[in-house]
Amino acid sequence: MINVTLPDGSKRELADGATPFDLASGISKSLAKAAVIAKVDGEEWDLMRPFEGDAEVAIITRRDDEALEVIRHDTAHILAQAVQDLFPGTQVTIGPAIEDGFYYDFARNEPFSTEDFEAIEQRMREIVDADLPFQREVWDRNEAIAKFKAMGEQYKAELIEDLPEDETITIYRQGEWMDLCRGPHLPSTGKIGKAFKLMKVAGAYWRGDHRNAQLQRIYGTAWLDEKQLKAHLHRIEEAEKRDHRRLGKQMELFHFQEEAQGQVFWHPAGWTLYRSVENYMRRRLEQNGYVEIKTPQLMDRKFWEASGHWDKYRENMFISSIDQEEKVLAVKPMNCPCHVQVFNQGQKSYRDLPLRMAEFGSCHRYEPSGSLHGLMRVRGFVQDDAHIFCTVDQITAEVTAFCELLKSVYEDFGFEEPRIKFSDRPEQRVGSDEVWDKAEAALVAAAQASGLDYEHNPGDGAFYGPKLDFVVKDAIGREWQTGTIQCDFNLPERLDAVYVGEDADKHRPVMLHRAILGSLERFLGVLIENYAGKLPFWLAPRQIVVATITSDADEYAQQVTDAMAAAGLRVDVDLRNEKINYKVREHSVGKVPVIAVVGRKEAEEGAVALRFLGDGNRTQEVLPLDQAIAQLKAEALAPDLKRA
RNA sequence: GCCGGCUUAGCUCAGCUGGUAGAGCACCUGAUUUGUAAUCAGGGGGUCGGGGGUUCGAGUCCCUCAGCCGGCACCA
């Protein structure tokens with residue numbers, strides 16, 4: 001007899017050899033039907049795996065979050081089986097469930113192509129129709145290695161060899177096909193359903209290491225039913241429409257061309273947006289006790305040798321030399337060493353600390369060609385950079401203030417809270433453990449004080465100190481790091497930064513490297529996608545278009561435009577001989593937030609009819625010109641100025 | 001950088017198995033003076049990413065370079 005306890009505390013008795021499926025069937029038919037896997041003493045089990053003794057059991061059904069993960073993992077197995085059926089000689093490696101789907105990495109000399117997808121999907125559907133049971137088997141380690149080697153599955157054999165000695169080796173079979181797998185799986189392939197679709201092929205390194213062989217990864221998506229699958233595909237389509245590269249072209253914000261790979265040509269509209277963001281940031285920094293500086297673009301290589309960057313990053317630095325001189329100059333890849341130079345001019349006292357030194361620092365890095373991505377990853381960029389020189393005791397207060405500022409800035413730009421990663425001491429590092437203790441504690445305390453959730457990335461800090469990174473998502477779910485704050489005990493030492501303490505002795509300051517937006521370019525990319533181009537009024541490059549209905553109103557329209565421009569609003573006039581429908585459509589598609597329509601009536605009354613973009617309950621308002629301007633002017637203020 | 005794909009008019013794209021280029025939108029011209037998401041008619045515009053090759057003949061096939069796209073790796 002086996003005694004099981006259910007989540008509600010109730011107990012049941014089962015015969016020896018009973019399975020979670022038997023348990024579910026005993027409770028109700030519908031539960032047995034909806035069941036996916038079971039949790040046995042907190043461990044995920046197959047429904048058909050017999051209990052090994054008394055246990056606490058929960059039945060996981062299709063409605064639970066875990067179900068999709070199991071289905072996706074199962075689908076990955078079915079994909080692997082289908083591929084090996086159709087392309088003999090292909091080796092399997094690993095195939096996990098991921099967000100929205102799954103992938104499987106294969107080793108095969110011939111490349112897969114998306115044209116193979118139809119045949120593969122067809123075979124997958126046949127495997128589902130065959131309703132093959134997933135069977136779990138526990139194998140002896142050496143037998144398993146020998147078996148996979150005999151099958152020509154080198155990668156699988158290697159995986160088993162690298163598993164810890166005490167790990168149970170489990171093999172899952174579906175029909176003739178078998179794979180090394182931890183499980184769990186559904187009882188049979190028929191339970192998976194057919195709401196899956198192969199999405200793309202890609203290269204991926206074996207075990208994520210670029211020194212290893214490159215495998216072919218097939219990505220797929222899988223859902224509970226057709227409806228969910230369709231909704232997912234629709235979401236992807238919609239997300240692609242807000243891709244900042246597409247919108248950048250449509251809205252004439254910027255362009256790229258091959259002669260300046262990875263560098264932005266900002267167009268008038270895009271640069272207007274850029275400047276709005278920069279000006280906003282500049283005000284926020286001023287309000288928060290920062291001073292702004294500007295440092296050189298080109299510095300002698302000796303300088304970078306001293307800072308340590310030449311050794312570490314030489315391959316990623318742009319170098320310049322000039323015929324008349326022997327010197328080799330490097331385009332600055334970062335601002336920190338320059339800021340230390342400014343700090344080092346003259347004598348600093350503890351009374352000068354904390355010293356918050358900001359720069360909209362233009363930097364260039366030779367990023368790998370494959371990593372370039374629109375505005376998100378470029379070779380020439382501007383950081384909203386700053387370095388806070390302070391004492392160890394000031395770290396907590398400074399980091400807390402920074403987190404507060406960052407939060408408020410993101411709110412002003414309308415973002416959901418970014419994800420935060422806390423990275424602590426790596427194996428290779430400088431500085432004593434006591435100082436690391438202090439710095440790590442300071443960062444964590446500051447994050448908590450600011451009410452921010454963070455996740456822990458052990459050992460992922462910079463060699464000079466721990467850091468908090470802030471991560472936001474783009475339109476199609478890719479994550480981009482924006483803000484950061486890092487404690488640095490190293491650079492002040494290398495570049496000999498000192499201040500005179502209360503005790504009249506010389507001391508090393510701590511440097512906090514920090515950026516809120518990260519790079520202006522990337523942030524603008526994220527901003528454009530976040531709003532799908534429909535930027536809030538204060539950021540919109542063209543805030544208003546004055547559109548006439550007939551040429552009778554031309555003169556008045558020009559007056560309206562001039563008055564609005566005089567009030568500091570970014571306004572254009574559209575006097576073209578076109579129907580108002582045409583103008584409204586064109587400027588709506590062009591994402592202009594306000595269209596001021598003027599016809600004979602408005603001209604006579606000295607009024608304007610304001611039409612607001614994409615605001616359901618506020619599409620139109622007819623106002624006297626003065627009042628309209630006063631209202632728009634107030635709305636055009638940046639959030640920080642509205643508060644003031 | 002690596003694997004795969006793509007590159008045709010300003011933009012989005014079509015051009016089957018090789019026979020010297022096409023659509024919609026945009027643009028220009030004309031008509032229309034119009035009340036809140038596309039008025040009608042006409043017109044101009046391409047050494048088909050660069051270079052090389054195969055062929056009587058290449059946008060179509062092959063080689064090569066570049067850029068872009070999707071991943072991977074990288075990201076001070």
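Numbers restart at 1 for each chain; the letters A, B, ... are given by sequence-line order, proteins then strands.
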Rounded [atom1] spacing from [N] to [M] in Å:
| N | M | atom1 | result |
| --- | --- | --- | --- |
| B:U55 | B:A14 | P | 31 Å |
| B:A37 | B:C25 | C1' | 15 Å |
| B:U20 | B:A58 | C1' | 9 Å |
| B:A38 | B:A26 | C1' | 13 Å |
| B:G45 | B:G5 | P | 37 Å |
| B:U17 | B:C69 | P | 28 Å |
| B:A9 | B:C48 | P | 10 Å |
| B:G44 | B:U64 | P | 42 Å |

Subject >> For RNA chain B, the residues among residues 106-115 of chain A that have a non-hydrogen atom under 4.0 Å from it >> reply: A:Pro111

What's [X] touching, base or sugar-phosphate or nothing? Going by heavy atoms closer than 4.0 Å.
| X | result |
| --- | --- |
| A:Glu602 | base |
| A:Ala609 | base |
| A:Ala204 | sugar-phosphate |

Taking [atom1] from [X] and [atom2] from [N], how many angstroms apart are they, rounded to a whole number?
| X | N | atom1 | atom2 | answer |
| --- | --- | --- | --- | --- |
| A:Arg576 | B:C28 | CZ | C1' | 14 Å |
| A:Ile218 | B:C3 | CD1 | P | 18 Å |
| A:Ile595 | B:G35 | CD1 | C1' | 13 Å |
| A:Arg211 | B:C3 | CZ | P | 18 Å |
| A:Ile98 | B:G71 | CD1 | C1' | 11 Å |
| A:Asp105 | B:G4 | CG | P | 15 Å |

Is the side chain of [X] donor-acceptor paired with the backbone N or O of [Y] at a distance under 3.5 Å, no angle test?
| X | Y | value |
| --- | --- | --- |
| A:Arg379 | A:Glu367 | yes |
| A:Arg522 | A:Ser519 | no |
| A:Gln216 | A:Glu110 | yes |

Subject >> Ring centers of A:Phe523, A:Phe415 separated by less than 6.0 Å >> reply: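 When the ring centroids of A:Phe523 and A:Phe415 are compared, they turn out to be within the sub-6.0 Å range.
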
Original post:
Are the ring centres of A:Tyr104 and A:Phe106 closer than 6.0 Å?
Top reply: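 Centroid distance A:Tyr104-A:Phe106: below 6.0 Å, so yes.
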
Subject >> Where at least one partner belongs to residues 470-491 of chain A, residue pairs that pass ring-ring contact (aromatic ring centres under 6.0 Å, His included), sequence neighbours excluded >> reply: A:His373-A:Trp480

Please, which pairs that meet side-chain hydrogen bond (donor to acceptor under 3.5 Å, both in side chains) have at least one residue in [range], sequence neighbours excluded?
| range | answer |
| --- | --- |
| residues 543-561 of chain A | A:Thr548-A:Lys583, A:Asp552-A:Arg600, A:Gln558-A:Asp562 |
| residues 198-211 of chain A | A:Glu158-A:Trp206, A:Asp162-A:Arg207, A:Asp209-A:Arg211 |
| residues 328-344 of chain A | A:Thr295-A:Lys332, A:Lys332-A:Asn335, A:Lys332-A:Glu359, A:Asn335-A:Gln383, A:Asn335-A:Asp385, A:His339-A:Glu359, A:His339-A:His387 |

Original post:
Between A:Tyr103 and B:C72, does any side-chain N or O lie under 4.0 Å from OP1 or OP2?
Top reply: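 No.
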
Ion pair [X]/[Y], N-O distance below 4.0 Å:
| X | Y | value |
| --- | --- | --- |
| A:Glu605 | A:Lys601 | no |
| A:Asp424 | A:Lys467 | no |
| A:Glu455 | A:Arg419 | yes |

Subject >> Protein-to-nucleotide contact annotation, 5' to 3' order, nucleotides 63-69 of chain B [B base; S sugar-phosphate only; - none; under 4.0 Å, heavy atom] >> reply: ---SSSS

Original post:
Is A:Lys294 atom NZ crowded by more than 12 heavy atoms from other residues, nucleotides or ligands, each under 6.0 Å away?
Top reply: yes

Original post:
In this structure, are over 12 heavy atoms from other groups packed under 6.0 Å from A:Glu238 atom CD?
Top reply: yes

**OP:** Under the side-chain hydrogen bond (donor to acceptor under 3.5 Å, both in side chains) rule, collect the residues that match up with A:Glu153, sequence neighbours excluded.
**Re:** A:Gln84

**OP:** Can you tell me which stems involve RNA chain B, if a stem is defined as three or more consecutive Watson-Crick or G-U wobble pairs, both distances under 3.5 Å?
**Re:**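 As far as RNA chain B goes, consecutive pairing (with distances under 3.5 Å) yields the stems B:1-7 with B:66-72, B:10-13 with B:22-25, B:27-31 with B:39-43, B:49-53 with B:61-65.
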
Hey, what are the protein-to-nucleotides 73-76 of chain B N/O distances that come in under 3.5 Å?
from: B:A73; atom 1: O2'; to: A:His210; atom 2: ND1; distance (Å): 3.2
from: B:C74; atom 1: O2; to: A:Arg377; atom 2: NH2; distance (Å): 2.8
from: B:C74; atom 1: N3; to: A:Arg377; atom 2: NH1; distance (Å): 3.0
from: B:C75; atom 1: O2; to: A:Arg377; atom 2: NE; distance (Å): 3.3
from: B:C75; atom 1: O2; to: A:Arg377; atom 2: NH1; distance (Å): 3.1
from: B:C75; atom 1: O2; to: A:Arg377; atom 2: NH2; distance (Å): 3.4
from: B:A76; atom 1: O4'; to: A:Tyr313; atom 2: OH; distance (Å): 2.8
from: B:A76; atom 1: N7; to: A:Arg365; atom 2: NH1; distance (Å): 3.4

Protein N or O to nucleotides 37-40 of chain B N or O, pairs below 3.5 Å:
from: B:A37; atom 1: O4'; to: A:Arg585; atom 2: N; distance (Å): 3.3
from: B:A37; atom 1: N7; to: A:Arg611; atom 2: NH2; distance (Å): 3.2
from: B:A38; atom 1: N7; to: A:Arg585; atom 2: NE; distance (Å): 3.0
from: B:A38; atom 1: N7; to: A:Arg585; atom 2: NH2; distance (Å): 3.3
from: B:A38; atom 1: N6; to: A:Arg585; atom 2: NH2; distance (Å): 2.7
from: B:A38; atom 1: N1; to: A:Arg585; atom 2: NH1; distance (Å): 3.4

Nucleotides 7-16 of chain B: which of its N/O atoms have a protein N/O under 3.5 Å away?
from: B:U12; atom 1: OP1; to: A:Lys249; atom 2: NZ; distance (Å): 3.3

Subject >> Contacts of type salt bridge (Lys or Arg N to Asp or Glu O under 4.0 Å), residue A:Glu586, not counting sequence neighbours >> reply: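 With neighbours one apart ignored, the set is A:Arg576.
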
Original post:
Is NZ or CZ of A:Arg314 both nearer than 6.0 Å to the six-membered ring centre of A:Trp310 and within 45° of the ring axis?
Top reply: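 Ring-cation test returns yes.
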
Subject >> 5' precedence on RNA chain B between A:Arg600 and A:Gln216 (nearest-nucleotide basis) >> reply: A:Gln216

Subject >> Shortest non-hydrogen contact from A:Ala547 toward A:Ile580 >> reply: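 Heavy atoms only, the tightest pair is CB-CD1, 4.1 Å.
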
Original post:
Are A:Arg72 and A:Trp223 side-chain neighbours, meaning at least one heavy-atom pair lies under 4.5 Å?
Top reply: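 Touching, per the 4.5 Å side-chain cut-off.
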
Original post:
Within a strict 4.5 Å, meaning less than it, do heavy atoms of the A:Phe360 and A:Met281 side chains meet?
Top reply: yes

